[in-house]
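Some notes on the structure that comes next.
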Amino acid sequence: MAKRKGKENSFHLTEIAVHGIQEKKGQDIVTLDLRNLKNAVSDFFVICNADSGTQVRAIADSVEFELEKTLKEDAWHKEGFENSDWIILDYVNVVVHIFKTDKRAFYGVEDLWGDAEIKLHQSA
């Protein structure tokens, strides 16, 4: 299992992931703060969407690039690159969800964690 790092690192990692999303014009960017929820799977979820699979992939690549460059962090697990409808980048304490717009509405991840504190971010 991956080593969990401090809460401060989780927040910083989240902010850098958001920056990576903004660099590639990700839409409707939100972070869900799960730290105060019982049985939460991580500290934060970062969620965004894009209109095409190509843009979903570009956003994922940008997030990975920014986190490697800034924090020397590699994703512990990642999936969804095959079809680029929903890419997940799991950094243990922070999980980044990048959806095609229609898939985000269909899966409603925000609704599953409705008790989480939600922060909206401006798109670039």
- prompt: Can you find a heavy atom in the side chain of Gln55 that is under 4.5 Å from one in the side chain of Lys25?
  reply: yes

task: Mind checking salt bridge (Lys or Arg N to Asp or Glu O under 4.0 Å) for Glu79 and listing every partner two or more places apart, or none if nothing turns up?
output: none

Gap between atom CG of Asn93 and atom NE2 of His12 - 0.5 Å precision: 14.0 Å

- request: Work out which heavy atom in Asn49 is nearest to a heavy atom in Lys100; give both atom names and the distance.
  value: CB-C, 4.4 Å

query: With a 4.5 Å limit on heavy-atom distance, are the side chains of Asn9 and Glu73 in contact?
result: yes

- line: Taking every heavy atom of Asp74 against every heavy atom of Tyr91, the minimum-distance pair comes out as C-CE2, 3.4 Å

- prompt: Can you tell me how far the CD atom of Glu64 sits from the CD1 atom of Ile59, to the nearest 0.5 Å?
  reply: 13.0 Å

field: For Asp33, side-chain contact (heavy atoms from CB on, under 4.5 Å) partners two or more places apart
entry: Arg35, Phe44, Glu117

message: Can you tell me how the ring of Trp86 sits relative to the ring of Tyr107, calling it parallel under 30°, perpendicular over 60° and tilted otherwise?
response: tilted

field: Phe65-Val18 co-clustered via ILVMFWY side chain contacts under 4.5 Å
entry: no

query: Can you check whether Leu13 reaches Leu67 side chain to side chain, under 4.5 Å on heavy atoms?
result: yes

- prompt: What is the distance from atom CG of Asp51 to atom OG1 of Thr101, rounded to the nearest 0.5 Å?
  reply: 4.0 Å

task: Nearest 0.5 Å please: distance from the CG atom of Asp85 over to the CD1 atom of Ile98.
output: 13.0 Å

field: Contact check, side chains of Arg104 and Asp28, non-hydrogen atoms, under 4.5 Å
entry: yes

task: Please step through side-chain contact (heavy atoms from CB on, under 4.5 Å) for the pair Val95 and Val46, ending with a clear verdict.
output: CA-CA 6 Å; Val95 180; Val46 180; over 6 Å; no

query: Quick one: does Ile29's side chain get under 4.5 Å of Leu120's, heavy atoms only?
result: no

message: Would you compute the distance between atom OG of Ser10 and atom CD of Glu15 and round it to the nearest 0.5 angstrom?
response: 12.0 Å

field: Gap between atom CZ of Phe45 and atom CG of Asp90 - 0.5 Å precision
entry: 8.5 Å

query: Under a 4.5 Å cut-off applied to non-hydrogen side-chain atoms, are Leu32 and Ile47 in contact?
result: yes

- line: Taking every heavy atom of Ile21 against every heavy atom of Cys48, the minimum-distance pair comes out as CG2-SG, 3.7 Å

message: Is it true that, when you exclude Phe81 itself, more than 12 heavy atoms of the residues, nucleotides or ligands shown sit nearer than 6.0 Å to its CZ?
response: yes

message: Which heavy atom of Val96 sits nearest to which heavy atom of Ala17, and what is that distance?
response: CG2-CB, 4.0 Å

- line: Heavy-atom closest pair (Phe99 atom, Val109 atom, distance to 0.1 Å) is CZ-CG2, 3.5 Å

- prompt: Between Thr31 and Ile118, is any pair of side-chain heavy atoms under 4.5 Å apart?
  reply: no

- prompt: Is there side-chain contact between Ser42 and Leu34, with heavy atoms separated by less than 4.5 Å?
  reply: yes

field: Minimum heavy-atom distance Ala58-Lys24, with the two atoms named
entry: O-CG, 3.6 Å

